[in-house]
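Below is one structure; the comments refer to it alone.
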Amino acid sequence: MRVNAQSKLAARYGAPDVSPLKPWSDTIDQLLDHRSVRAFTDQQLPDGTIETLIAAAQSASTSSNLQVWSVVAVQNSDRKARLSALAGNQAYIRQAPLFFVWLADLSRVARVAKQQEVELEAVPYLESLLLGTIDAALAAQNAVVALESLGLGSVYIGAIRNDIEGVAKELGLPPQVYPVFGLCVGYPSAERPAQVKPRLPQGAVLHHETYSTAADVDAVAEYDERLGAFYRREGMKASGWSEQVVNRLRSVSNLHGREELVEELKRMGFGLR
């Protein structure tokens, strides 16, 4: 395993003494180097970039080949500004040259069925909503891997769900389509470089044969220390992961409107049986 590869592994777990991985490849090297980019240059993307990324996205797995997802590519400055306002006024939505809105899309299969005069009894069930959501997530992550291989950076925007009806109106979404998340895409700024944020130790997420909580306490304590050290190096308020997750989830107000998702989805034509 190359020295550079070991340094990337150490950065991913925030630990210089992490055990080397034995199988290795350039793809794994790139994946371990992933980071969320929140500052972009004003350099425009090369012609054909969107089509290339969507080809990569469409190469992801899709349940039963239903392909119940779509994506809207937004480049218009005014529209990006309006979407930013709907998503907590995050400046990088306006700054990035490209903003993708990834969609769970059951409307396409509904239109196909209507043409054949068939009623789709399974569509109003939660499983169908999950299919679209999972398909969109798999497709988007393929696009992220592809864009990073081209020297681009990105950041997911979950706050696009703060007001899914407002986003649907802005993008002209038909019934049975909802925005799962956004994705800013552009060239990372060298003036505000993004860093690799450490993840939980494998002992916290990897279970062999059956689920076990035996390693939880030690693994989380270890991660609290490593993540706190990362934040201090970045000049941010030092806070362990435990404090972060509790503060984020302890109050419904922290959902910033997403507590209304069920009712919004119903109004947008989704069944949740």
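One-based numbering along the sequence shown.
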Spacing of [atom1] belonging to [X] relative to [atom2] belonging to [Y], to within rounding of 0.5 Å:
X	Y	atom1	atom2	answer
L200	L206	CG	CG	12.5 Å
L21	K8	CG	NZ	13.0 Å
L147	T49	CG	OG1	9.5 Å
Q6	S19	CD	OG	8.0 Å
S149	D26	OG	CG	11.5 Å
L173	I164	CG	CD1	9.5 Å

Contact between [X] and [Y] at the side-chain level, heavy atoms closer than 4.5 Å - yes or no?
X	Y	value
S154	V37	no
I50	Q75	yes
I28	Q30	no
D135	S63	yes
L150	L53	yes
Y178	V167	no
V180	I160	no
F40	R192	no

Should D78 and K80 count as an ion pair when the cut-off is N to O under 4.0 Å?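 No, D78 and K80 are not salt-bridged.
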Hphob cluster co-occupancy, [X] + [Y], side-chain heavy atoms under 4.5 angstrom:
X	Y	value
V220	V205	yes
V71	L131	yes
L120	L129	yes
V123	L126	yes
Y187	L98	yes

List the steps and the verdict of side chain to side chain contact (heavy atoms under 4.5 Å, CB included) for V74 and L83. CA-CA 10 Å; V74 180; L83 289 170; 4.0 Å; yes
For [X] and [Y], indicate whether the former's side chain and the latter's backbone hold a donor-acceptor pair under 3.5 Å.
X	Y	result
Y223	P198	yes
S64	L66	no
S59	A55	yes
E259	G257	yes
R35	D33	yes
D29	W24	no

Donor-acceptor list for residues 230-239 side chains, cut-off 3.5 Å, not counting sequence neighbours:
unit_1	atom_1	unit_2	atom_2	d
Y231	OH	Q244	NE2	2.8

Can you give each donor-acceptor pair under 3.5 Å made by side-chain atoms of residues 263-273, sequence neighbours left out, with the distance rounded to 0.1 Å?
unit_1	atom_1	unit_2	atom_2	d
R267	NE	E165	OE2	2.8
R267	NH2	E165	OE1	2.9

Smallest separation among heavy atoms of [X] and [Y], with atom names:
X	Y	result
Q44	P97	OE1-CB, 4.1 Å
S36	A194	O-CB, 3.2 Å
A215	G203	CB-O, 3.7 Å
G151	P188	O-CD, 3.6 Å

Does R12 have any side chain to side chain contact (heavy atoms under 4.5 Å, CB included) partners at least two apart in sequence or in another chain, and if so, which?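 Once residues adjacent in sequence are excluded, the partners of R12 under the side chain to side chain contact (heavy atoms under 4.5 Å, CB included) criterion are L32, H34, V196, R199.
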Go through the steps for E225 and W241 under the test side chain to side chain contact (heavy atoms under 4.5 Å, CB included), then give the verdict. CA-CA 9 Å; E225 182 178 339; W241 180 75; over 6 Å; no
Residues which pass ring pair (Phe, Tyr, Trp, His ring centres under 6.0 Å) with H256, listed by chain and number, not counting sequence neighbours: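 Here no residue qualifies.
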Evaluate Q58 against N142 for side chain to side chain contact (heavy atoms under 4.5 Å, CB included), listing each step before the verdict. CA-CA 8 Å; Q58 288 188 281; N142 254 33; over 6 Å; no
Using a distance-only test with no angle check, is there a side-chain donor-acceptor pair under 3.5 angstrom linking E222 and Y13?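 Result is no, nothing qualifies.
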Output, in order, the C-alpha distance, side-chain angles, deciding distance and verdict of side chain to side chain contact (heavy atoms under 4.5 Å, CB included) for E260 and D163. CA-CA 9 Å; E260 303 296 331; D163 183 355; over 6 Å; no
Expected list for residues 84-93: side-chain donor-acceptor pairs under 3.5 angstrom, two or more places apart:
unit_1	atom_1	unit_2	atom_2	d
S84	OG	Q90	N	3.3
S84	OG	Q90	O	2.9
S84	OG	R94	NH1	2.9
Q90	OE1	Y92	OH	2.9
Q90	NE2	A87	O	2.9

Which atom pairs, one a donor and one an acceptor, fall under 3.5 Å between side chains of residues 99-116 and the rest of the protein, sequence neighbours left out?
unit_1	atom_1	unit_2	atom_2	d
D105	OD1	S107	N	2.9
D105	OD1	S107	OG	2.6
D105	OD1	R108	N	3.4
D105	OD2	S70	OG	2.7
D105	OD2	R108	NH1	3.4
S107	OG	R111	NH1	2.9
R108	NH1	S70	OG	2.9
R108	NH2	Q67	O	2.6
R108	NH2	W69	O	2.7

Flag if over 12 foreign heavy atoms under 6.0 Å of CG, D47: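 Incorrect, the count does not exceed 12.
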